[in-house]
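Structure, as structure tokens:
When reading the values below, keep in mind they use all heavy atoms of this one structure, side chains included, and skip hydrogens, waters and symmetry mates. Chain naming here is simple, since letters A, B, ... match the order of the sequence lines and numbering starts at 1 in each.
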Amino acid sequence: MKTTWRLGIAVLLLLFVLASGVHYDAREEHHRAQSTAEEVVADYDRYVGEKALLFGTVEAIDHEQGTATIQVEGSSSIQIRVSGFDSDVSKGGTVQVYGTLRPDQEMDAEKIVVVNQDPGARYYKYAVSALGALVILAVFFRDWRINWSKLGFVPRGDDDG
Amino acid sequence: MADLLTHVLVGYALLTVLSWRLDWLTRQWIAVGIAGVAIPDLVKVDLLVDADRVGAVLDIPFSYDPIGTLFGVLVIAGAIALLFAEGRRRAYAALVAGGSSAVLLDGLRLYADGHAGFWLYPLWWRPPTPGWYVSSDPRVLVVGAVIAGVVFALD
């Protein structure tokens, strides 16, 4: 296949995936059984009484009362006071909360998943993932190199340098 | 999603086991498969170019989420395979194997309502998840390392 065609089609495929992102975002809320963060942040009162699955950052936590205040991001952000909060998480951690939305931006949690127990957990993920990226580059370029005249990856030890 | 290093370890294990059956899957092609493992992680481009900002500027709905689905792997693997001067079919097969292993592994994460994301997009179905882990749990990496270690020893 001619190089220009190869690279042209590669670019088109990437654009296709990005274009699917438009379709995905346009249709996602329609297909979710519960309200999404976007919907809830944009118009909270409309979803009172409904179930929601929200991701939020813990702003404050009261272990005695079993409540926490989380910040939920959409196109802007809101704070929601969650009751039935029994999880071991610090301020700055991230949680998923599944439950029912109540008036005045309160929420009754049925289930909470701690995504990041504290900000350190997020940095752990980034650091380990960065290490993973380095491993991938090292492993790949151990056996492959870029041939600039062919504009493509070729195995190392290829005779035509 | 699970951290990228765990994906690499699990992807390496899977590809090495496959290589016991597939003669063409030599070390250099396993390396391509390991690179494919990173495809779903490309959703993290959101940290550099925020999807909400792109959508606001272009006045369109926009999300990077399809990148983390099986559909995203199939298409992006196609784009990457085209960057190979030769052996593009093998590159595609290896990239898809690696990328799919990462999507499947992500599908096992814990969600508060018991269902994963739409990783089978364009099927609008959130498959149930056994909820085996959260990505920030260091034990995930340990399990990945043990699996990779066992396979390495058996290879």
Exactly one of B/Leu70, B/Val37, B/Ile39, B/Thr69 clears side-chain contact (heavy atoms from CB on, under 4.5 Å) with B/Val103, and that residue is B/Leu70
Regarding A/Thr69 and A/Glu59, do their side chains bring together a donor and an acceptor under 3.5 Å, going by distance alone?
no
With a 4.5 Å cut-off on side-chain heavy-atom distances among I, L, V, M, F, W and Y, is there a chain of contacts connecting A/Val97 to A/Val40? yes
Inset, instruction - Tell me, with the steps shown, if B/Phe118 and B/Trp125 meet ring-ring contact (aromatic ring centres under 6.0 Å, His included). - result: CA-CA 6 Å; B/Phe118 290 113; B/Trp125 177 53; 9.9 Å; no
Turns out that what part of B/Tyr64 lies under 4.5 Å from chain A's heavy atoms comes down to side chain
The interface call for B/Ile60 against chain A, heavy-atom contacts under 4.5 Å, is side chain
**Study point:** Proximity of A/His23 and B/Tyr121 rings by center, below 6.0 Å
**Key:** yes
So, the part of A/Ile9 with a heavy atom under 4.5 Å from chain B: the answer is both
So, the part of A/Val114 with a heavy atom under 4.5 Å from chain B: the answer is backbone
Bottom line for A/Arg122: the part with an atom under 4.5 Å from chain B's heavy atoms is neither
Side-chain heavy atoms of B/Trp20 within contact of B/Leu25, under 4.5 Å:
no
Under 4.5 Å to a heavy atom of chain A? For B/Leu58 that would be neither
Lys/Arg N to Asp/Glu carboxylate O, B/Asp113 vs A/Lys51, below 4.0 Å: no
Pair A/Lys150 + B/Glu86: basic N to acidic O under 4.0 Å | yes
Counting heavy-atom pairs under 4.5 Å with chain B, the top scorer among A/Ala121, A/Ala10, A/Ala133 is A/Ala10
Under 4.5 Å to a heavy atom of chain A? For B/Tyr111 that would be both
Check: How about B/Trp29 and A/Trp144: are their ring centroids closer than 6.0 Å?
Finding: yes
From the list A/Gln117, A/Lys125, A/Glu28, A/Arg6, the residue making the most non-hydrogen contacts under 4.5 Å with chain B is A/Arg6
Honestly, the part of A/Val128 sitting under 4.5 Å from a heavy atom of chain B is both
Report task. Consider only side-chain heavy atoms of I, L, V, M, F, W and Y, link residues closer than 4.5 Å, and tell whether B/Val73 and B/Val75 are in one cluster. Result -> yes
Pair count under 4.5 Å, heavy atoms only, with chain B: among A/Tyr126, A/Phe140, A/Tyr124, highest is A/Tyr124
Per-residue tally against chain A (heavy atom, under 4.5 Å) across B/Asp52, B/Asp65, B/Val8, B/Ile76 peaks at B/Asp65
Answer key: most heavy-atom pairs under 4.5 Å with chain A among B/Pro66, B/Gly131, B/Gly72 is B/Pro66
Looking only at B/His115, B/Arg109, B/Arg88, B/His7, the option with the highest number of non-hydrogen pairs under 4.5 Å against chain A is B/Arg88
Cut-off 4.5 Å, heavy atoms of chain B, and the answer for A/Leu12 is neither
Comparing B/Ala91, B/Ala51, B/Ala112 against chain A, the one with the most heavy-atom pairs below 4.5 Å turns out to be B/Ala112
The interface call for B/Pro138 against chain A, heavy-atom contacts under 4.5 Å, is both
Q) Given the rule that I, L, V, M, F, W and Y join up when any side-chain heavy atoms are under 4.5 Å apart, are B/Tyr92 and B/Ile30 in one cluster? A) no
